[in-house]
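Contents: one structure, followed by commentary.
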Number of protein chains: 2
Amino acid sequence: MSEPAAPSAIGFHPLYRQVKHRLVERMVSRAWPPGHLLPSEVELAGELGVSQGTVRKALDELASERLLTRRQGRGTFVAEHDDARILFQFFKLTADNGKRVFPESRVISAALGVASASERQAFGIPEKARVVRIRRARLLSGRALIVERIAVPHAVFPGIEKDDLPNNIYSLYAARFGVTIARAQEKLKAVALSPPDAKLLGVSAGTPALLIDRLAIALDGRPVERRLSLCLTDNFHYLSDLT
Amino acid sequence: MSEPAAPSAIGFHPLYRQVKHRLVERMVSRAWPPGHLLPSEVELAGELGVSQGTVRKALDELASERLLTRRQGRGTFVAEHDDARILFQFFKLTADNGKRVFPESRVISAALGVASASERQAFGIPEKARVVRIRRARLLSGRALIVERIAVPHAVFPGIEKDDLPNNIYSLYAARFGVTIARAQEKLKAVALSPPDAKLLGVSAGTPALLIDRLAIALDGRPVERRLSLCLTDNFHYLSDLT
DNA sequence: TAGTGGTCTAGACCACTTC
DNA sequence: AAGTGGTCTAGACCACTAT
């Protein structure tokens, strides 16, 4: 490793943060794709020229950020976007009886367009840049309860508008475009459904719905997906843990 | 410390977990009240008969759970329910421009009553047990945007119905009743406002509102507060980080 | 200057998985 | 039996705060 982080005027960067950064770099570059088994702590320590304890601190933090999963006796793996992770990290809608189920999807449309002002701002892309817009309905226990509008930069996901979209779209981002979603931020409001949205969900216009405005951030820190979801919450709720 | 956690059939309890448990015990018993400065790592290690590294691991975990705050050069302190902590941990409503402000409160009523079935279930209290119910309106930038219904077990907060309720009610729980709120779970729905609630908020009946159903858990693990909040979300949103 | 938490190291042993 | 992560120890030095 480089010098022990000289206490320069610029700030202090502990060794384990530099180690973290190097490990994330390998994940971003796909040298270590999702599911990959990392070298052991001892090997990494030797390779990076730091102690095993320092490597451990970096690995533990990455595991707490859900970028790695560690299993005693087996090793450390790059996290995957399997349904279980999506369900726990990204899908907070829960049946009132406590059951959490992954929703089915029915794509309504997928098309290229020119980024709106808010999309340009969200993604930090230039004027006239293109985005792909996907609209789908989502079904929980067989009933359409969510209508979703997804927007992604065309430059990041070229051609996705022509793909078959799987139920779990983040696994497609990873497998076909090499983009791993690391985290997201959601803003929630209560709104009245517009007539077309109400029709899609089979309720009357003006019915209250939960509006979820999500911005998803990739491993490298870029915002790469904006998603507006309108949810009926008669028998479901959004679960938020304040810890 | 006791034996090094014999690998009995019953399971494995690492030393640092036992240390954590002992530290929390002292906070629950108010031997270490909010704001208290803990002994240094070295002192705790000596007192508990473990190494400094083990104490450190316990303290770090408690700090990540927001039960302690650590400050380099100063020491480790028991967390307090100051407005800043409430704002970051428990109050997720944010202005659309990103500003977070602590809301003012106006108490509407506070009265003793008999626990309903759902309250008995939430608190695990027996039939005919009493609860205190508080109703208040909350103002953001001068406008009434939230109507709140709080229910707490009378046995945990005896006489609270006769108190002056401060803006930050969790600081009252701590100061007058020795109860520290450690974490909470919130369930969100979109609902239509009833005529009386709409009148309180100065909008028409049927207006969509965000319903937040919160169950707050004390340091010792007991659920001690249930709170239903109805929020207007025209210029505010509920912020949720998916990390 | 003294005391605190923050970082880093080196080494030991334990628990779990796989072969 | 071998290899992994999980726990625990002991000791060093650094960065920050208060006096």
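All chains are named by letter (A, B, ...) in the order of the sequence lines, taking the proteins before the strands, and each is independently numbered beginning at 1.
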- Message: Classify R56(B) by what it touches in the nucleic acid, base, sugar-phosphate, or nothing, heavy-atom distance under 4.0 Å.
- Response: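 Answer is base: heavy atoms of R56(B) come under 4.0 Å of a base.
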
- Message: How about CZ on R26(B), more than 12 heavy atoms from neighbouring residues, nucleotides or ligands closer than 6.0 Å, or not?
- Response: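 Result for CZ/R26(B): enclosed.
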
According to a strict under-4.0 Å criterion, is [X] in side-chain N/O contact with OP1 or OP2 of [N]?
X      : N      : answer
R70(A) : dG6(D) : yes
K57(B) : dC8(D) : no
Y16(B) : dC8(D) : no
T54(B) : dT9(D) : yes

To the side chain of [X], which of [options] is closest?
X      : options                  : result
T76(B) : dT9(D), dG5(C), dA10(C)  : dG5(C)
S40(B) : dT4(C), dC8(C), dT9(D)   : dT4(C)
V50(B) : dC16(C), dC16(D), dT9(D) : dT9(D)
P14(A) : dG5(D), dT7(C), dA10(C)  : dT7(C)

- Query: When you measure from the centre of the six-membered ring of F88(B), is the NZ or CZ of R100(B) under 6.0 Å away and within 45° of the axis?
  - Reply: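 Output yes; distance and angle both within limits.
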
Quickly work out the [X] [atom1] to [N] [atom2] distance and round it to whole Å.
X      : N       : atom1 : atom2 : answer
F77(B) : dG5(C)  : CZ    : C1'   : 11 Å
H13(A) : dT7(C)  : NE2   : P     : 13 Å
E61(B) : dG6(D)  : CD    : C1'   : 12 Å
Q18(B) : dC8(D)  : CD    : C1'   : 12 Å
Q52(A) : dC13(C) : CD    : C1'   : 12 Å
Q72(A) : dG6(D)  : CD    : C1'   : 5 Å
E41(B) : dT9(D)  : CD    : P     : 13 Å
L59(A) : dT4(D)  : CG    : C1'   : 12 Å

- Item | First encountered from the 5' end of DNA chain C, between R74(A) and G53(A) |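 Residue closer to the 5' terminus by nearest nucleotide: G53(A).
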
- Hey, which sits more toward the 5' end of DNA chain C by its nearest nucleotide, G73(B) or G73(A)?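 Result: G73(B).
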
- Query: Strictly by modelled atom types, are R66(B) and T243(A) linked by a side-chain donor-acceptor pair under 3.5 Å?
  - Reply: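 No pair is found: no donor N or O on one side chain lies under 3.5 Å from an acceptor on the other.
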
- Pair R30(A), T180(A): side-chain N/O donor-acceptor within cut-off below 3.5 Å: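 Short answer, yes.
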
- Task: Begin from the C-alpha positions of E80(B) and R85(B) and carry the test salt bridge (Lys or Arg N to Asp or Glu O under 4.0 Å) through to its verdict.
- Result: CA-CA 8 Å; E80(B) 295 186 80; R85(B) 180 184 174 193; over 6 Å; no

